[in-house]
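When reading the values below, keep in mind they use all heavy atoms of this one structure, side chains included, and skip hydrogens, waters and symmetry mates. Fair warning: this is a prediction, and the values are worked out from it, not measured in the lab.
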Amino acid sequence: MKISSAESVIMEALWRRQPLTSEAIIAEVGEPQGWTEGTVKQLISRLLKKKAITAQAEGRRYLYSPVLTRGAYVEDESRSLLDRLCDGRLAPLVSHLAESDKLSAADIAELKALVEKIGK
């Protein structure tokens, strides 16, 4: 399932706190993004059609919750990025980041620990 960057803003709000009404989503993401109520409702509608979220009726309003997990989204986006930029390989991306001084000492320590853990 392909989620646009705008739709991901709605998803992030729902991953942080769920369920939310459309009014709560509008309050949380609408103003910071410069989006109108109509824009947010359109994004919610697109996510419903994609089955990334569900809507549960509660009186005269709906409560929205994510179906797509954040982990599944991150995994899909990561794989897509690697496929587009590095033929599906992680090493060239890490190499590029290291050569362009984008890795902090903490990043390097985390990578070393991860490689050690994977190697066991």
request  = May I ask you to check whether over 12 heavy atoms, not counting those of R16, lie within 6.0 Å of atom CZ?
outcome  = yes
ask   = Does a side-chain N-to-carboxylate-O contact under 4.0 Å join E75 and R79?
value = no
Between [X] and [Y], what is the shortest heavy-atom contact and its length?
X	Y	result
V94	L103	O-CD1, 4.2 Å
A52	M11	O-CE, 3.7 Å
A27	P32	O-CD, 4.5 Å
A13	V29	CB-CG1, 3.9 Å
G30	V40	CA-CG2, 4.0 Å
L43	A6	CD2-CB, 3.9 Å

key: Side-chain heavy atoms of I44 within contact of S22, under 4.5 Å   = yes
ask   = Do L20 and L63 touch side chain to side chain, with heavy atoms closer than 4.5 Å?
value = no
request  = Go through the steps for K112 and E116 under the test salt bridge (charged side-chain N to carboxylate O under 4.0 Å, His left out), then give the verdict.
outcome  = CA-CA 6 Å; K112 284 180 180 178; E116 187 175 309; over 6 Å; no
message = So, applying side chain to side chain contact (heavy atoms under 4.5 Å, CB included) with Y64, which one of T54, L48, T21, I10 is it?
response = L48
message = For I3, run the side chain to side chain contact (heavy atoms under 4.5 Å, CB included) check against L68, V9, D76 and tell me which one passes.
response = L68
task = Please assess T39 against T36 for the test side chain to side chain donor-acceptor pair (under 3.5 Å), listing each intermediate value before the final yes or no.
result = CA-CA 5 Å; T39 299; T36 65; 3.1 Å; yes
task = Check the pair E23, R61 against salt bridge (charged side-chain N to carboxylate O under 4.0 Å, His left out), reporting the backbone distance first and the verdict last.
result = CA-CA 9 Å; E23 292 81 13; R61 64 184 186 168; 5.6 Å; no
message = So does V74 get a backbone contact from the side chain of S78, meaning a donor-acceptor N/O pair under 3.5 Å?
response = yes
request  = May I ask you to decide if S80's main-chain N or O and D83's side chain share a donor-acceptor pair within less than 3.5 Å?
outcome  = no
ask   = Is there any ring-ring contact (aromatic ring centres under 6.0 Å, His included) pair reaching into residues 7-52, and which pairs are they, with sequence neighbours excluded?
value = W15-Y73
Quick one: [atom1] on [X] to [atom2] on [Y], what's the gap to the nearest 0.5 Å?
X	Y	atom1	atom2	result
L82	E77	CG	CD	11.5 Å
S95	L90	OG	CG	10.5 Å
S65	L14	OG	CG	7.0 Å
L93	K102	CG	NZ	12.5 Å

message = Evaluate E12 against S8 for side chain to side chain donor-acceptor pair (under 3.5 Å), listing each step before the verdict.
response = CA-CA 6 Å; E12 288 290 346; S8 74; over 6 Å; no
E7 and its salt bridge (charged side-chain N to carboxylate O under 4.0 Å, His left out) partner, picked from K2, K49, K50 = K50
